[in-house]
2 protein chains.
Amino acid sequence: MTVNALKRQPLYAQVKLLLLQRIGAGEWQTHDALPSEWELADELGASQGTVRKALSELVDAGLLYRQQGRGTYVAPVPGDWGDDARLVTPGLFTEQPDELAREFLGLSRLNASEDIAEALQLRRLAPLLRIRQLWRRHGSPVALDDVLLPAEVFEGMDARWLRGSAGVYGTLQQRFGVRLKIVSEQFRAEMLPREEASLLGVTGMVADVPALCLLRLSADMDGRPLEWRQRYCLTHQLAYTVKHG
Amino acid sequence: MTVNALKRQPLYAQVKLLLLQRIGAGEWQTHDALPSEWELADELGASQGTVRKALSELVDAGLLYRQQGRGTYVAPVPGDWGDDARLVTPGLFTEQPDELAREFLGLSRLNASEDIAEALQLRRLAPLLRIRQLWRRHGSPVALDDVLLPAEVFEGMDARWLRGSAGVYGTLQQRFGVRLKIVSEQFRAEMLPREEASLLGVTGMVADVPALCLLRLSADMDGRPLEWRQRYCLTHQLAYTVKHG
DNA sequence: CAGTGGTCTAGACCACGCC
DNA sequence: GCGTGGTCTAGACCACTGA
């Protein structure tokens, strides 16, 4: 490597970081081809094998995909359900899931509770952005999201962006160059709280409904936690399915 | 490579498969060191880099672990909760989880329902082994497992083995040389059924309790589905936490 | 056919654990 | 100091894609 021996990081890690930054900066758009492994190797003064190792890790991380004989491409940003999670019929693991329609409900501000401040490594009562959105399947509400983001990091967030089709993760990538990665998720069964029941259209006689409550913590590629998401799912006839590695 | 060019598999894949078989056969025990990368390379007639690639994939798959400067070792078989799942306090992602005690309840036989037969790629009504076990935290029941396995594959299963500390996955590894890997999991919120409520010690006035219902499909390293597990978790004060890769 | 990713080698050097 | 895993290189060949 010509220059970048500044840090005592392995060369492939430096290459990976550099590519990560250039992808984040939008140098290549989704489904654009990167330069070939040899071109990158020349350009960065590393060998093809070293570049290949860096690219492989980015492929494993889901940021790139490869096609033999063609090239290496920028992968689309995963939607708000991630690459591996879907809502399908309980017990049927091979079922093709139906598409969910996203409905943006609102963008507001609030202050971090103690738990959330700790998880996001913020001070208590730190300002947060709250994004609410509803998921519908065949027109019926099936899930409700509360997405909490550190307000200082995402200053200038515009509700109009969130009405678009990109979802929260897509918007963060496009507007702020931040790519989130799920760190940890918690699942619980709860009786659906009143406010959420109302938003999910569960009212009247059948008000006492159990709901799947998902808590998600996500971080950027450097590991800085940036998202706390709470999702209520109606799993009366559906199951929250996660495919493993 | 000297001989093994039989299949049109890459050499590293053949090496990986060979090591997988030798590990499964018990050639090395848990925490035993494998031969060094160079020794394996000599022995198998491959280069160190090729052996390294095979080992790396086994490390990624969780079967081996490495210690720089020391060696490569056989990883312990993960417990019935997997490497990444725990029960912790909701909202606290960094909490150290308390240990769960496992209580074997029984081994019985039944015939596969349609769903299960399909998921396990068996004929309808195929015979299954059913293992029931209870999980306690600080003495209180918190989860109940029904593990269903194809009876023909695990003929000779002995209840005494399952009383031991190895758990289901440990027993399958030790007694049958089969290592399972979680393929997919489904989460739902349900009202706890009567039978499960009774086993979990939820009785009387507070009988109407929501429970987290987990459905898990696992396969061996060749991808053959071999386990259908249903788990009810009491998530009143706990959350089922999954760490992501 | 040329260009790309995918595999493999031999050899080198580094960083770490341990005696 | 020695043996281990961890990195890096240069060069080779294969398999696939698309003009």
Side-chain angles (χ1 to χ4, degrees), chain A residues 1-20 22-23 27-28 30-75, chain B residues 1-20 22-23 28-75:
Chain A
M1 188 77 163
T2 46
V3 211
N4 247 334
L6 304 169
K7 301 178 181 178
R8 276 306 166 205
Q9 284 276 87
L11 184 48
Y12 78 87
Q14 300 177 37
V15 171
K16 182 181 163 187
L17 191 60
L18 185 72
L19 291 172
L20 205 50
R22 291 171 68 176
I23 295 167
E27 179 165 343
W28 306 286
T30 300
H31 298 301
D32 278 359
L34 267 62
S36 77
E37 295 177 350
W38 283 104
E39 281 174 339
L40 285 171
D42 283 358
E43 184 183 331
L44 305 176
S47 72
Q48 177 260 359
T50 298
V51 168
R52 185 170 178 77
K53 173 150 186 170
L55 290 173
S56 295
E57 297 208 348
L58 294 172
V59 169
D60 290 343
L63 281 115
L64 300 176
Y65 63 96
R66 287 201 267 232
Q67 288 187 23
Q68 172 159 175
R70 288 178 36 86
T72 305
Y73 302 85
V74 177
Chain B
M1 187 77 167
T2 47
V3 209
N4 245 333
L6 304 170
K7 301 179 182 178
R8 277 304 165 206
Q9 285 275 87
L11 184 49
Y12 77 88
Q14 299 176 38
V15 171
K16 183 182 165 188
L17 191 59
L18 184 74
L19 292 172
L20 204 51
R22 290 169 72 176
I23 295 167
W28 305 286
Q29 295 306 304
T30 300
H31 299 303
D32 279 0
L34 266 62
S36 77
E37 295 177 350
W38 283 102
E39 282 172 339
L40 285 171
D42 282 0
E43 185 184 332
L44 304 176
S47 72
Q48 177 261 359
T50 299
V51 169
R52 184 171 178 73
K53 174 149 186 170
L55 289 174
S56 294
E57 297 208 347
L58 293 172
V59 169
D60 290 344
L63 282 113
L64 301 175
Y65 63 96
R66 287 200 266 233
Q67 287 187 22
Q68 171 158 176
R70 288 177 33 87
T72 303
Y73 303 86
V74 177

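These numbers were taken from a predicted model, which means no experiment stands behind them. Basis for what follows: all heavy atoms, side chains included, without hydrogens, waters or symmetry-related copies. Proteins come first, then strands; the chains are lettered A, B, ... in the order of their sequence lines, and each starts at number 1.
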Worksheet item: To the side chain of Pro10(A), which of dC8(C), dG5(C), dC8(D) is closest?
Response: dC8(D)

Worksheet item: Leu58(B) CG to dG5(D) C1': how many Å, rounded?
Response: 16 Å

Fill in: Length of the line joining Gln9(B):CD and dG6(C):P, which is rounded to integer Å
15 Å

Discussion item. Under the criterion side chain to side chain contact (heavy atoms under 4.5 Å, CB included), I'd like the reasoning laid out for Val74(B) against Leu64(B): C-alpha separation, chi angles, the key distance, then a yes or no.
Written reply: CA-CA 5 Å; Val74(B) 177; Leu64(B) 301 175; 4.3 Å; yes

Item to complete: Name the closest nucleotide to the Tyr12(B) side chain, picking from dC8(D), dT4(C), dT7(C).
Response: dT7(C)

Fill in: Nucleotide of dT9(D), dT4(C), dA10(C) approaching Ser47(B) most closely (side-chain heavy atoms)
dA10(C)

Worksheet item: Would you say Leu55(A) and Leu34(A) make side-chain contact, with heavy atoms under 4.5 Å?
Response: yes

Worksheet entry | Leu55(B) CG to dT4(D) P, straight-line distance once rounded to whole Å | 13 Å

Fill in: Any Lys53(B) side-chain nitrogen or oxygen under 4.0 Å from OP1 or OP2 of dC8(C)
no

Practice prompt. Calculate the interatomic distance between Gln48(A) atom CD and dT7(C) atom P; express it in whole Å.
Written response: 11 Å

Worksheet item: Under 4.0 Å: is that the gap between some side-chain N or O of Thr50(B) and OP1 or OP2 of dT9(C)?
Response: yes

Discussion item. Rounded to whole Å, how long is the line connecting atom CH2 of Trp38(B) with atom P of dA12(C)?
Written reply: 10 Å

Worksheet item: Roughly how many Å is it from CD in Glu37(B) to P in dG11(C), rounded to a whole number?
Response: 17 Å

Worksheet item: Contacts to DNA chain D from residues 61-74 of chain B, heavy-atom cutoff under 4.0 Å, which residues?
Response: Arg66(B), Gln67(B), Gln68(B), Gly69(B), Arg70(B), Gly71(B), Thr72(B)

Worksheet item: Nearest heavy-atom pair of Tyr65(B) and Ala75(B): which atoms, and what distance?
Response: CD2-CA, 3.7 Å

Practice prompt. Report the distance from atom CG of Leu11(B) to atom P of dA15(D), rounded to the nearest whole Å.
Written response: 14 Å

Worksheet entry | Which nucleotide in dG6(C), dG5(D), dA10(D) has an atom nearest any side-chain atom of Arg52(B) | dG5(D)

Worksheet item: How many Å lie between CG on Leu44(B) and P on dT7(C), as a whole number?
Response: 18 Å

Practice prompt. Could I get the full list of ring-ring contact (aromatic ring centres under 6.0 Å, His included) partners for Tyr12(A), not counting sequence neighbours?
Written response: none

Item to complete: Determine yes or no for a side-chain-to-main-chain donor-acceptor pair under 3.5 angstrom, with Gln14(B) supplying the side chain and Gln9(B) the backbone.
Response: yes

Practice prompt. Considering non-hydrogen atoms only, spot the tightest contact between Ala41(A) and Gln48(A) and give its length.
Written response: CB-N, 3.7 Å

Response to the item:
dist Thr30(A):OG1 -> Ile23(A):CD1 (nearest 0.5 Å) comes out at 10.0 Å

